[in-house]
There are 2 protein chains.
Amino acid sequence: MRRDPFQAIADPTRRSILVLLAVQAMTPGALATHFDTSRQAISKHLRILSECELVRTVPHGREVEYSLRPERMQEIDRWLDQFKRLWQQRFEQLDEVLTTLKKERS
Amino acid sequence: MRRDPFQAIADPTRRSILVLLAVQAMTPGALATHFDTSRQAISKHLRILSECELVRTVPHGREVEYSLRPERMQEIDRWLDQFKRLWQQRFEQLDEVLTTLKKERS
DNA sequence: AAAATCTGCAACCAAACGGTTGCATATATG
DNA sequence: CATATATGCAACCGTTTGGTTGCAGATTTT
């Protein structure tokens, strides 16, 4: 069973859950109202996000509040870093083409 | 069949392929030597990366050169953007705690 | 105390995933 | 021309995934 943030954000429902929790902490029940699936399915997703340490839980009586733990998300960002140079490069190339065109026109 | 960059980078082998191609373009055969799986398995991964438009192919005779298309990777980066503010915030909070401790000590 | 509510677990199921092997096609080499 | 090499497709297989339903435990509410 793979349990890393890359696998966690592969599912669109889990991505939506993370976005919702980025706005405000919520209980599983409240989260489930935003989706077209059963409450239990959302619970399963929360379990996975929990195991990936992307969310944190605080019990309040019979309710459980889930909130975002953005730290672990940085792992994805750090992995992307090695490609940012490349797409930056493409922008610069485009820039160059544009300035060349500008020069030619004038 | 989901075909988006999030699902593409969920698999560790595909992530490694992308990293290798970020360094230099390669043929499927050359790529396969870096992994402990069959050439066909790598071919399958390349097909998926192709469908996600994360790689581009240029035929050279009987060989095919695969190279990275970093543009599409930006989609992931853009999605991450909405969380960057949050983890930045955490750093600032830590910063605050540290300066408070420093003040107390002096 | 009884009923209602919130949550998570277990069992089950169809579909997708990641791998394998065998084969067909196209190109390069002897 | 015959052989070797590079690639991709198809069929198959065990495991994982994402969903369902039913149920049990804990906490509120009445």
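Each chain gets a letter, A, B and so on, in the order its sequence line appears, and its residues count up from 1. What's counted below: heavy atoms across the whole structure, side chains too, no hydrogens, waters or symmetry copies.
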Can you check the [X] [atom1] to [N] [atom2] distance for me, whole Å?
X: E63(B); N: dA4(D); atom1: CD; atom2: P; answer: 18 Å
X: D36(B); N: dT20(C); atom1: CG; atom2: P; answer: 8 Å
X: I9(B); N: dG18(C); atom1: CD1; atom2: P; answer: 13 Å
X: I42(A); N: dT7(C); atom1: CD1; atom2: C1'; answer: 14 Å
X: D4(A); N: dT16(D); atom1: CG; atom2: C1'; answer: 14 Å
X: D11(B); N: dT16(D); atom1: CG; atom2: P; answer: 14 Å
X: E51(B); N: dA16(C); atom1: CD; atom2: P; answer: 14 Å
X: R3(A); N: dT15(D); atom1: CZ; atom2: C1'; answer: 13 Å

Considering only [options], which nucleotide approaches the side chain of [X] most closely?
X: S38(B); options: dT20(C), dT17(D), dC9(C); value: dT20(C)
X: R14(B); options: dT27(C), dT7(C), dG18(C); value: dG18(C)
X: K44(B); options: dT7(C), dT20(C), dG8(D); value: dT20(C)
X: R39(A); options: dG18(D), dT28(D), dT7(C); value: dT7(C)

Applying a 4.0 Å non-hydrogen cut-off, can you work out what R47(A) is touching in the nucleic acid: base, sugar-phosphate, or nothing? sugar-phosphate

Sugar-phosphate, base or nothing in reach of E65(A), heavy atoms under 4.0 Å: nothing

Check: W79(A) and F6(A) side chains under 4.5 Å, non-hydrogen atoms: yes

Measure from NZ or CZ of R56(A) to the centre of the six-membered ring of Y66(A), then state whether that distance is under 6.0 Å and the direction lies within 45° of the axis. no

Any chance you could measure T57(A), atom OG1, to E63(A), atom CD, to the nearest 0.5 Å? 13.5 Å

Side chain of R62(B), base of dT5(D): donor and acceptor closer than 3.5 Å? yes

Does a nitrogen or oxygen in the side chain of [X] sit under 4.0 Å from OP1 or OP2 of [N]?
X: Q7(B); N: dC17(C); value: yes
X: T13(B); N: dG18(C); value: no
X: Y66(A); N: dG8(C); value: yes
X: T37(B); N: dG18(C); value: no
X: H45(B); N: dG19(C); value: yes

Of L46(B) and A10(A), the one whose closest nucleotide on DNA chain D sits nearer the 5' end is L46(B)

Any donor-acceptor N/O pair, R15(A) side chain to A10(A) backbone, under 3.5 Å: yes

Which is more 5' along DNA chain C, the nucleotide nearest Q40(B) or the one nearest I48(B)? Just name the residue. I48(B)

Looking at D81(A) and R78(A), does any basic side-chain N land under 4.0 Å from a carboxylate oxygen? no

Salt-bridge test for D11(B) and K44(B): reply yes if a basic N is under 4.0 Å from a carboxylate O, no otherwise. no

